There are 2 protein chains.
Amino acid sequence: MQTLTPPSNSPAAAATADARPGRARVLIVGCGFGGLEATRALAGENVDVTVIEKTNHHLFQPLLYQVATAGLAAPSIAAPARTLFRRQSNVTTLLGEVTAIDAAARQVQLADGERLPYEHLIVAAGATHSYFGNDDWATHAPGLKTLADAFEIRRRVLLAFEAAEREHDAARRQALLRFVVIGAGPTGVEMAGTLAEIARHTLTGEFRRIRPADAEVLLVEGGSRVLQAMPEALSQRALEQLEALGVRVRLNTRVTRIDEKGLEVTLDAGTPQATSQFIDSRCITWAAGVAASPLGRLLAQATGAECDRAGRVKVEPDLSLAGHSDISVVGDLAAAVSHVPGQPPQPVPGVSPGAKQMGRCAAGNVLLRIAGLPTRPFRYRDWGNLATIGRHSAVADVPTPFGHLRFSGSPAWLFWLFVHIFFLIGFRNRMIVLMDWASAYWTFRRHARVVHDVQAPQPAGGHAAPPPSQG
Amino acid sequence: MQTLTPPSNSPAAAATADARPGRARVLIVGCGFGGLEATRALAGENVDVTVIEKTNHHLFQPLLYQVATAGLAAPSIAAPARTLFRRQSNVTTLLGEVTAIDAAARQVQLADGERLPYEHLIVAAGATHSYFGNDDWATHAPGLKTLADAFEIRRRVLLAFEAAEREHDAARRQALLRFVVIGAGPTGVEMAGTLAEIARHTLTGEFRRIRPADAEVLLVEGGSRVLQAMPEALSQRALEQLEALGVRVRLNTRVTRIDEKGLEVTLDAGTPQATSQFIDSRCITWAAGVAASPLGRLLAQATGAECDRAGRVKVEPDLSLAGHSDISVVGDLAAAVSHVPGQPPQPVPGVSPGAKQMGRCAAGNVLLRIAGLPTRPFRYRDWGNLATIGRHSAVADVPTPFGHLRFSGSPAWLFWLFVHIFFLIGFRNRMIVLMDWASAYWTFRRHARVVHDVQAPQPAGGHAAPPPSQG
C-alpha cells in the first residue's frame, strides 16, 4: 500500500465537487484510445466520471509519425480532451498527473498533492518508449510517443538538411545526411519510408550545395525481419517496398551504444560472425522499445498486482485487478488476455483497436458491478494488421470469415488511407488530413516544414541539434 | 569597423560556393516581408543571391495572434523559406544568424564563425519586442513575434483555464482567469478581442467547476486611446467594439512592475490623480514595445550609421547607408523616410506593405547600381490601415483618390478577412485558413487548442506556467 503525503490542496472540496449524491464516482486516468472509449461508454449512465489527463489533448497516435515528418500539423491529429466530452454532462476533465494510488482509501494523488476519491478506477495510462536501461540514449535518439517528441524529431530532421547545406567538410556533411531509425515495427517502418521519400522527392530542387537525394536512410532492426507482428510473407513484401523506396534495412543488428556522433551496432548479433561497427549519424530516431507507463509499478505497489517484463499490469479476465475489483487497467498498460469461448486465451496485441475494446469492456463492467451483476470477460476482436511504408507501399493482413486476406502495395496503401481517415476524430481533421494528403500526393510537398525553435546549426563538427529538453 | 575572429569554417569554400564568375553576389539577411520581396525582385536577374535566415520559415506575422489564440495551426501561416525560393535558381538559402558585419572587407560573420562575402548587402532583420529596459518582465509577460512566442502564449492561456478548473481557492481561481494584454496597438487589440471571444464563446460548456465566461480580459494602454496609428474617430469605434466584446480597457495606465503574481500599474500616469494599483494575473501578454533587431547596432558599429531611439537604422533616401552604398536596410529595421515629389518627406510606418515596398526598392537599387545607373529614392505607397478586434468587429482607414474611406464593424471585418486571405502565401494556406475561419465562425470552436509541452498546473498558489525558455 502507498503512503500519501498530506495534501496541499483542500481535499474535501475535491472529494465532492464532481460527484452528485447517489451516483458512483468513476475515475479514468488517461485519455488515449482506452480512456477515451471508456469515458464515452459511460455517457448518459448514472455515474459521475472524472478524466485525469497529463496533456490537454487526445492524440491520434497512428499518425504521429506524419507530424514528425512534417506532413501534418499537430492540431490535425490532436483534439482537446474536454472538447470531446463537452456534451457528456457527467464528465469532468482535469489536467493533472497521477503520482500515487491509495487502493485502501480509494484515492489517487496528483502531482500537486491534490487527492481524488473514486469508487471505480480505470487506469489507461498507456506506454512510453523504453531504452532497455540505456536512458542516456534518449538525448541522442528521441522516441515518438507525444506531440513534443514529434516536434523534436521534425526539428532534428529538417535542421540536419539545413546544417548539411552549411557544412563544407564532406565527411561531416554525409554524417548529417545519414538518418537512422532504430526498430522496424510499424512506427520505425513508417518513419524510415517517409524519410526516404522526403530526401528523394520532397526536398528536390530546394538546396544548392547538397543533393537531398544523397541522404541515406538506415533502418536498424535487432530481429530477423521487419514488422514482426505480420506474417512472414508480408514482412518480406514490406522489406522489398522499403528497399524500393531507398531505405537500407539492416536486420539482425543490435544497437550497443548511442552518442552525439552516432551509434555502435553489432551485426549478426549472437552468431560467431558477430562484428561491431560505428555508424556516423546526427539524426537518430528510436522506435525500438515500448514500456508501460510508470503508473503500472505504482499500481502494482498499491495493490500487489503483478507486472510483466514490459511493466504492463496483469489483469483478470474482466480487466480488473485480482483482489481489487474496483480497479481496472486497459490499453497498453494492461497485460490482458482475450477469452473467446472454445479457444485458448490469447494475449491482446498493443494496437489501438485493442485499447478501445478494453476501454469499452472495463466501462461496461463498472456498470455491471454497480448493478450487482457478474462482469464479462474481455474478448478481443481482431480487425487485422496494417502498416504503411510510403507512397503506394503498405501491407495488410485482414482476418475474414474465409481466412486471412493478405495484400500489399497500392491496394493495401489505399486501404490504410481509408481506415486512418475514417478513425480520425472530428470532421474538420478528416477533411484537412485528406486535403493535405491529396496535396502531398500530387505535389510531393509536405506543408508542415516549420521549426519553431531553431537554433543555428553548428556545421563545424558540432551536433546539429541541441538537447531535447527544448521540447 | 568590426573586428572578426578567425573563422572556424573554411571561408574560401564559402566565398565561392554560391557565386558564379561575373555575377554580383547579393546577401540578404532575413526572410520576413522585406527580405522575401527583395529576394523575389531579384529573380531572373544576373546576380547570385544568398538569403540568411534565423528560422527556417517565412512567417505571415499579421496572423500570428491566431496561432497564439489556438485558431490556426502554425504551418498555416509559415512557409519554409527555401520552398518559396525553390524555382528561383539564383537563390541560395542558408540557416544561420549574423553576429558581425565587416563593412570594409564586405563580409558578414555567422554565429558559428563562417564568413560570407558580399558585393551588395540588404539587411531586413526586422524587429523584436522591447520591455523598455525591464528585460526581466519577459519571463512573466511574453511578447508575440515568433512561432515559439505564439506557442508559449497559447500554452499559458489554455493552461490558465485548466489550472482554474483545478483550483479550489476563489481568489487564486479569479487570478488564473484574469488575462492581461499590455499595449493597445493592433496586436494587443486583436489578442484582447480574441481572448474575450474564447472565454465567452469557445469554451462554453467544456468546464464543470468554472464558468469560462467569468474570465476577465484587461487591455492596458499607456496612451489616451487604442490604435494610436488610426484616426481618433476609429480609435473610439475600436474602443466601443472591444468593450462590447467584454474587454475592459484601461487607458492612460502605465505598467511599473511585472512579476509572477501579476502587474503593478499607475493609473492617470503623469497627472496629480496618479494612483498605483496591483493587478493579480497569471497570464500576461506583452504587446507594448517594439525594438529593432540587435543587428541595427551591429550595423551602426560597422558603418558609423545612426540609429534612432527604437534602434532602427537611419537610411538615405534610396535605403542605403550613408558612405556605404553597398549596404541597404529595409523593413522594421530601417528608420526610412518616404519621398513623394512635391510633398515633405514622411516617415514610413512599420507595417508589412512598407517592408515589402522597401524590399523591392532596395533590390531595384542594387540592380541600378550594378548597371551604373543612379538609384531611386524610396516612395511609400499607403494602402491604408486595418485592425480587427473580433467577430464582425474591425476598423479600416483606406486612402482613396477622393479622400480617406473610414469604416468599422462588419464591413471592416469582412474587408480585413479578404485582405488577409489574399496576402497569405500559398494556395493551401489560403484554403485551410478560409476553412478554419468558416468553421470557427459557425461553431465558435478553435481547432488548434493543443499544448504540446504541458506541465501539470500548480493550482496551490504556484505560477500556472513554467519559464518561457521551454519554447
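Since the structure is predicted, the reported quantities are computational estimates derived from the model, not experimental observations. Chain letters run A, B, ... following the sequence lines, proteins first, then strands; residues in each count from 1.
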Query raised in the report: How long is the span from the CZ atom in A:F207 to the CZ atom in B:R82, to the nearest 0.5 Å?
Result: 4.0 Å

Query raised in the report: Using a cut-off of under 4.5 Å for heavy-atom pairs, which of B:R87, B:Q88, B:R449 has the most such pairs with chain A?
Result: B:R449

Query - Side chains of B:R209 and A:T92, donor plus acceptor under 3.5 Å - result: no

Requested in this report: Tabulate, in ascending numerical order, the residues of residues 69-79 of chain A having at least one heavy atom closer than 4.5 Å to a heavy atom of chain B, or enter 'none'.
Outcome: A:A73, A:P75, A:A78

Query raised in the report: So how far is it from A:F161 CZ to B:N56 CG, rounded to the nearest 0.5 Å?
Result: 13.0 Å

Query raised in the report: Which atoms of B:F85 come close to chain A, meaning under 4.5 Å heavy atom to heavy atom: side chain ones, backbone ones, both, or neither?
Result: backbone

Query raised in the report: What is the distance from atom CG of B:L203 to atom OG1 of A:T83, rounded to the nearest 0.5 Å?
Result: 8.0 Å

Report summary line: Rounded to the nearest 0.5 angstrom, the CG-NE2 distance for B:L158 and A:H57 is 11.5 Å

Query raised in the report: What residue, out of B:L110, B:L59, B:D149, B:T146, has the most heavy-atom pairs lying under 4.5 Å from chain A?
Result: B:L110

Query raised in the report: Rounded to the nearest 0.5 Å, what separation is found between the OG1 atom of B:T93 and the CZ atom of A:R166?
Result: 12.5 Å

Report task. Flag the pair A:T55 / B:V451 as yes when at least one side-chain heavy-atom distance between them is below 4.5 Å, and no otherwise. Result -> no

Report summary line: Taken to the nearest 0.5 Å, the spacing of A:R86 CZ from B:T204 OG1 works out to 7.0 Å

Requested in this report: Could you label the plane-to-plane angle of the B:H452 and A:F151 rings as parallel, tilted or perpendicular, counting under 30° as parallel and over 60° as perpendicular?
Outcome: perpendicular

Report summary line: Residues at least two apart in sequence or cross-chain that pass salt bridge (charged side-chain N to carboxylate O under 4.0 Å, His left out) with A:R430, listed by chain then number, are none

Query raised in the report: Where on B:T202 is there a heavy atom nearer than 4.5 Å to chain A: the side chain, the backbone, both, or neither?
Result: neither

